[in-house]
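Report on one structure; see the data block that follows.
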Amino acid sequence: MGLWRSGSALPWHGRGHGFKSRQLHHFNNWGEKEKAMKVYDFKHIENKWKKIWENKKVFEAEPSATKPKCYVLEMFPYPSGYLHVGHLKNYTLGDVVARYKRMQGFNVLHPMGFDSFGLPAENAAIEKGIHPKKWTYDSIDYIRNQMKSVGLSYDFRREFATSDPTYYKWTQWLFLYLYNRNLAYQKEALVNFCPRCRTVLANEQVIDGGCWRCYSKVTKKSFRQWFLRITDYAEELLNDLDELKNWPEHVKTMQRNWIGKSYGTLVKFPVEGGGDIEIFTTRLDTIFGATFLVLSPEHPLTMELPATPIIKEEISSFVEKTLMTPEIEREAAEIPKEGVFLGRYAINPFTQEKIPIYVANYVLFEYGTGAIMGVPAHDSRDFDFANKYSLNIREVVVPETPDEFKDELFDGYGVLKDSGSFSGLTSSEAQVKMSEFLKERGLGELQVRYKLRDWLLSRQRYWGAPIPMIYCDKCGVVSVKEDDLPIMLPEEVDFVPKGSLSPLATSPDFLNTSCPVCGGHAQRETDTMDTFMCSSWYYLRFASPFTNKEPFKKEDIDYFLPVDHYIGGVEHAILHLLYSRFIVKALNDGGLLNFREPFLRLFTQGMVLKDGSAMSTSRGNVVMPETISKKYGIDTGRMYILFAAPPEREFEWKEEGVMGIFRFLNRVWRLVSPYKDFSLQNITSVSQNKEDEKIKRLTHKTVKKVTEDIENNFRFNTAIAALMEMVNGLNKSLEKEGVVSPGVLREALESLVLLISPFTPHLAEELWEILKHQKLIVEEKWPSYDETWIKEEMVEIPVQIDGKIRSKLTLIAGTSEEKVKELALREERVNKFLEGRIIKGIVVVPDKIISIHTEI
RNA sequence: GCCGGGGUGGCGGAAUUAGGCAGACGCAGCGGACUUAAAAUCCGCUGAGGGUAAACCUCGUGUGGGUUCGAUUCCCACCCCCGGCACCA
């Protein structure tokens, strides 16, 4: 080993000219061409290693009896044209994790595909006058190439698109599975309808209450639509969120709010003259203050109860007017409250008082029972309404601590007053006692309600999976036989929506069929499925995409699922993630899966902005990966995306930042690549001097830091910062007069290359080869670190006097408290600040700090 | 209104896990080396104020208070920003 030092075979050890010599060496080895380029040949390197990876099939995964699995998945894209660097962030994050886990010894499943059915693809096709199928598959070809050129480590054998018949066959199967388990059903749903065009309209197509084409007044009309019974799982979908420890809190909160569980009471108010009205309330304790009832416009009793034909007339026009208001407007909170008195009265079961019944625009039909009790003293909406129509306002709850409440309306919990025998109870006590009172008399009971509604699945659009159902004149609604799947989406169809129900209804070949039960004439369902149905199970198919006999092989699923790392945008926090959870639970109930949550760990990444807003084609602020590849190489692009900000946060794309990473990668290249002629193998790492120890410490500390940063919530930005520090430190040591033992240097350089490999895989492979390794770096083991090298030998301990750092002691780590005290008090500077003061106390935190506090 | 997240240099961001040297790393900026020159590369400086450019001192993590020898970190109150939900009874 002395040979290295004395023989000056290593030019970078020359006195004081370390860097210069290295450069010379570098040029001698690389010749004129390299000198002119002055940057590493990323183009050559990146193409070379992509080919090698592909030829060696290194990213293909199969179930294994011995190896532990890790399923890394990024949310698959809609194939609409191309990917820009904003999209790339998602895939790069996943790729780093997949590559890291692979080096950690996991059998990594890392697949990718395309969510190709649905409106985005269809609209784009309509705009460009190309068939959705051609447009979609052209996009897929383009995007697949982009993904490959980014060096994403996918098992491309497993790729599929949800619009492939071999895939949607099983989406249709899934529908039938749900139908057979009574989780799919048809029901009437209120939609906008133009009576003259005889068609449903989207909210956007209703302008000032009229049809956008014929200006007729639009009404609400019921249509039969397919729904999935997700509400059956409301309670479990809510409770299991608590088990998802590795999901971001905000996503779980959003799902909780969406499910919207509330505890309340169902109360029957007898109607004077017969019958009763059921209302739902979460504030039974305020019922003595209920001075009116309100029905929603859609409530059946609204048209039944009016006292006189004249009132009925008035109610009718009110209801019509209200329902005509587009949903968007009606749901806006600021709409003024309006209502009409029905001329009828109900009896408050607690006070036996006669209270008026109203219909009003602020009561929702879909929630609770579609009817409420009006308690104006304790609800701001009821308060507004009561003021407008001069209704009684009676206060029945007061705050426990009176100063909490001044003049405003009190809607909190407190103590009851003027509430008969319940007066004096707290709100929560009263709710229990009052619900018992109701139950004894058969007038009500405790109830749990959810905001979650069943999933409306039907779409009157062309580019989707046809719903595999048949309408027989004799047998009614009949499901397609499983053997007849897939029900192919016909290609020769005018797919542009023309206001008729569904484009598929215009294709007689598709529409007309025979009944699977009686063989008689029948018609197919012409609606297609919501695209979210396609994406609700794709992660299962990825684990088992090769079978055509079943949606997936159970043994594949049992091995690879659930997904260990799921990475995607927060825009899917509710829809896709909730639907997927529901589907998995439904499949588990049928014994097809052995788990009830699909995604163990979820990571939601922040967007990439350009010029202050999200990258998008319409804004024209996109940066293409191709541009970055050409100018700096895709490794630079990948690392920039990871370094610019913590991955969960959004960041502004800046060319200067990209250049910073490019400079860094070139520094890495210049640091490592000169060692190509010196086989560093078989030289063990033995530290011989101070500089060696420094480098060993730096190496092991960096390995630890990078490993922990990746493990600990994907802190790639600080991991890369640590790598930069390592490179800076190595350069400094090599430049200095003195020596670095080859074994120590070898360990450092190899660790560095291994550590950067998940971020910049192409560059890492090249450097690994230069360092004379036969194996691909993707097949290498992740480096480990030795704690004994992490601990510093010498520590710098600040001396704090009255909260201010006044001096520093450099000591051997582990110096005793007493010794630290003694040494600190011997310091001249310390004594200067202690002059004329009395020491009140000294606190020593070993190896960290010494703090002295004084008084005069 | 409710729920969640956040507020640190010119900028992106470190340090917040168990309280212990605030500003790691990078960008931008300034100065220098090399070069005929430019680019590239390398070296140095870069929170604010004072001080001779050194030593050194003071202030400083949204605001105000508290706990502590010590607070960006913990507690209380408030302000502001971002995201989600929103007439859900």
Side-chain angles (χ1 to χ4, degrees), chain A residues 19-20 23 37-39 248-258 260-262 264-265 279-284 286 290 294 296 330-337 360-364 366-375 378-382 384-385 411 449-452 570-571 573-574 606 640 643-646 648-652 654-661 663-664 666-667 670 708 712-713 715 717-725 727-728 731-732 735 796-805 808 829 839-845 847-854:
Chain A
F19 178 71
K20 242 182 163 173
Q23 264 191 333
M37 284 171 63
K38 295 195 174 159
V39 292
E249 208 46 53
H250 69 280
V251 172
K252 288 194 275 188
T253 305
M254 281 162 77
Q255 292 211 357
R256 283 191 191 105
N257 290 343
W258 188 260
K261 183 178 184 175
S262 55
T265 316
I279 64 104
F280 178 72
T281 178
T282 55
R283 289 301 304 274
L284 184 60
T286 65
V294 194
S296 62
R330 214 181 139 205
E331 280 176 6
E334 303 309 321
I335 231 173
K337 287 163 186 57
N361 59 353
Y362 75 98
V363 176
L364 301 172
E366 298 83 20
Y367 187 74
T369 59
I372 61 155
M373 63 179 190
V375 187
H378 304 294
D379 182 288
S380 62
R381 297 153 303 184
D382 297 342
D384 292 346
F385 191 75
D411 59 4
R449 293 271 174 174
Y450 303 92
K451 285 192 226 172
L452 184 70
V570 73
E571 66 273 15
I574 297 172
Y640 172 64
F643 181 66
E648 69 277 10
R649 222 178 284 186
E650 59 182 26
F651 74 89
E652 172 79 26
K654 283 192 179 144
E655 179 96 7
E656 293 88 345
V658 180
M659 284 164 63
I661 294 296
R663 278 196 280 268
F664 170 64
N666 277 298
R667 269 205 298 279
R670 283 195 305 271
E708 287 180 351
N712 189 1
N713 219 22
R715 285 149 65 171
N717 57 326
T718 49
I720 292 166
L723 289 166
M724 289 171 169
E725 283 180 78
V727 169
N728 292 345
N731 272 330
K732 219 157 246 177
E735 238 175 284
E796 204 175 55
I797 298 177
V799 183
Q800 205 175 50
I801 300 170
D802 294 324
K804 294 208 165 69
I805 307 294
K808 280 174 187 180
R829 260 186 67 76
I839 296 174
K840 258 182 80 186
I842 301 179
V843 177
V844 179
V845 183
D847 293 350
K848 279 269 162 111
I849 200 164
I850 166 163
S851 176
I852 304 168
H853 54 117
T854 71

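Atoms considered below: every heavy atom in the structure, side chains included; atoms not considered: hydrogens, waters and symmetry mates. We name chains A, B, ... by the order of the sequence lines, and we start the count at 1 in each one.
Between A/R670 and B/C42 there is a side-chain polar atom (N or O) within less than 4.0 angstrom of OP1 or OP2. OP1 or OP2 of B/G13 sits under 4.0 Å from a side-chain N or O of A/R649. Of the side-chain N and O atoms in A/N717, one or more sit less than 4.0 angstrom from OP1 or OP2 of B/A14. Residue A/R663 places at least one side-chain N or O under 4.0 Å from the OP1 or OP2 atom of B/C27. Between A/R715 and B/U17 there is no side-chain polar atom (N or O) within less than 4.0 angstrom of OP1 or OP2. Using a 4.0 Å cut-off, some side-chain N or O of A/Y367 falls inside it from OP1 or OP2 of B/A89.
Atom name C1', nucleotides B/U35 and B/A48: the rounded distance is 38 Å, in whole Å. Comparing the P positions of B/A14 and B/C57 gives a spacing of 31 Å, expressed to the nearest Å. Spacing between B/C11 and B/A24 at atom P, rounded to whole Å, works out to 15 Å. Spacing of C1' atoms, B/G9 relative to B/C2, comes out at 36 Å, to the nearest Å. The gap from the C1' atom of B/U16 to that of B/C74 amounts to 11 Å, rounded to the nearest Å. When the C1' atom is used for both B/U72 and B/G7, the distance is 11 Å, rounded to whole Å. B/A28 sits 29 Å from B/G83 when the P atoms are compared, rounded to a whole Å. Nucleotides B/G23 and B/C45 are separated by 16 Å at their C1' atoms, to the nearest Å.
Nearest heavy-atom pair across A/V375 and A/D382 is N-OD2, 2.9 Å. Across all their heavy atoms, A/R283 and A/D411 have their closest contact at NH1-O, 3.1 Å. Heavy-atom minimum distance, A/P798 versus A/K808: CA-CG, 3.9 Å. Residues A/G368 and A/R449 come closest through the heavy atom pair O-NH1, 3.0 Å. Between A/D802 and A/T854 the shortest heavy-atom distance is OD2-OG1, 2.6 Å.
A donor-acceptor contact under 3.5 Å is not formed by the side chain of A/K840 with the base of B/C69. Scanning atom types as modelled, one donor and one acceptor separated by under 3.5 angstrom connect the side chain of A/K337 and the base of B/C87. Residue side chain A/Q800 reaches the base of B/G20 through a donor-acceptor N/O pair under 3.5 Å, judged by distance alone.
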Problem - Test side-chain contact (heavy atoms from CB on, under 4.5 Å) applied to A/T286 and A/M373, step by step - result: CA-CA 10 Å; A/T286 65; A/M373 63 179 190; 3.7 Å; yes
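Per the geometry, OH belonging to A/Y640 stands 10 Å off P belonging to B/G13, to the nearest Å. In this structure, the CD atom of A/E366 is 11 Å from the P atom of B/C87, given to the nearest Å. Atom CE of A/M373 and atom P of B/C87 are 20 Å apart (whole Å). Rounded to a whole Å, the CZ atom of A/R256 is 14 Å from the P atom of B/C3. Atom CZ of A/F651 is separated from atom C1' of B/G26 by 13 Å (rounded to the nearest Å). Note: CD1 (A/I849) to P (B/A18) measures 20 Å, nearest angstrom. Separating the CG atom of A/N257 from the P atom of B/C2 is a distance of 13 Å, rounded to the nearest angstrom. When rounded to the nearest whole Å, the span between CD1 of A/I797 and P of B/G70 equals 20 Å.
B/G9 takes the syn form, because its glycosidic angle lies no more than 90° either side of 0.
Note on A/E249 versus A/R256: salt bridge recorded, some NZ/NE/NH1/NH2 to OD/OE distance being below 4.0 Å.
Remark: the backbone N or O of A/P336 is not paired with any side-chain donor or acceptor of A/D384 at under 3.5 angstrom. Proximity of a side-chain donor or acceptor of A/D379 to a complementary backbone N or O of A/G374 within less than 3.5 Å is not detected. With A/R667 contributing its side chain and A/M724 its backbone, the two residues share no donor-acceptor pair below 3.5 Å.
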Taking only N/O atoms, report every protein-nucleotides 72-75 of chain B pair under 3.5 Å with atom names and distance.
none

Hey, what are the protein-to-nucleotides 54-62 of chain B N/O distances that come in under 3.5 Å?
| from | atom 1 | to | atom 2 | distance (Å) |
| --- | --- | --- | --- | --- |
| B/C57 | OP1 | A/R806 | NH1 | 3.2 |
| B/C57 | OP1 | A/R829 | NH2 | 3.3 |
| B/U58 | OP1 | A/R806 | NH2 | 3.3 |
| B/U58 | OP2 | A/R806 | NH1 | 3.4 |

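When distances run from any side-chain atom of A/V845 to the nucleotides B/G26, B/G4, B/G20, the shortest one goes to B/G20.
One distance of note links CD1 of A/I839 with NE2 of A/H853; it measures 10.0 Å at 0.5 Å rounding. Here the straight-line distance linking atom CD of A/Q255 with atom NE2 of A/H250 works out to 11.0 Å at 0.5 Å rounding.
Ring geometry for A/Y640 versus A/F651: interplanar angle over 60°, hence perpendicular rather than tilted (30 to 60°).
Taken together, the paired segments of RNA chain B that extend over three or more consecutive Watson-Crick or G-U pairs, each closer than 3.5 Å at both contacts, are B:1-7 with B:79-85, B:10-12 with B:25-27, B:29-33 with B:41-45, B:47-50 with B:56-59, B:62-66 with B:74-78.
Inter-residue side-chain proximity for A/L364 and A/Y362 is flagged as unmet; no heavy-atom pair is nearer than 4.5 Å.
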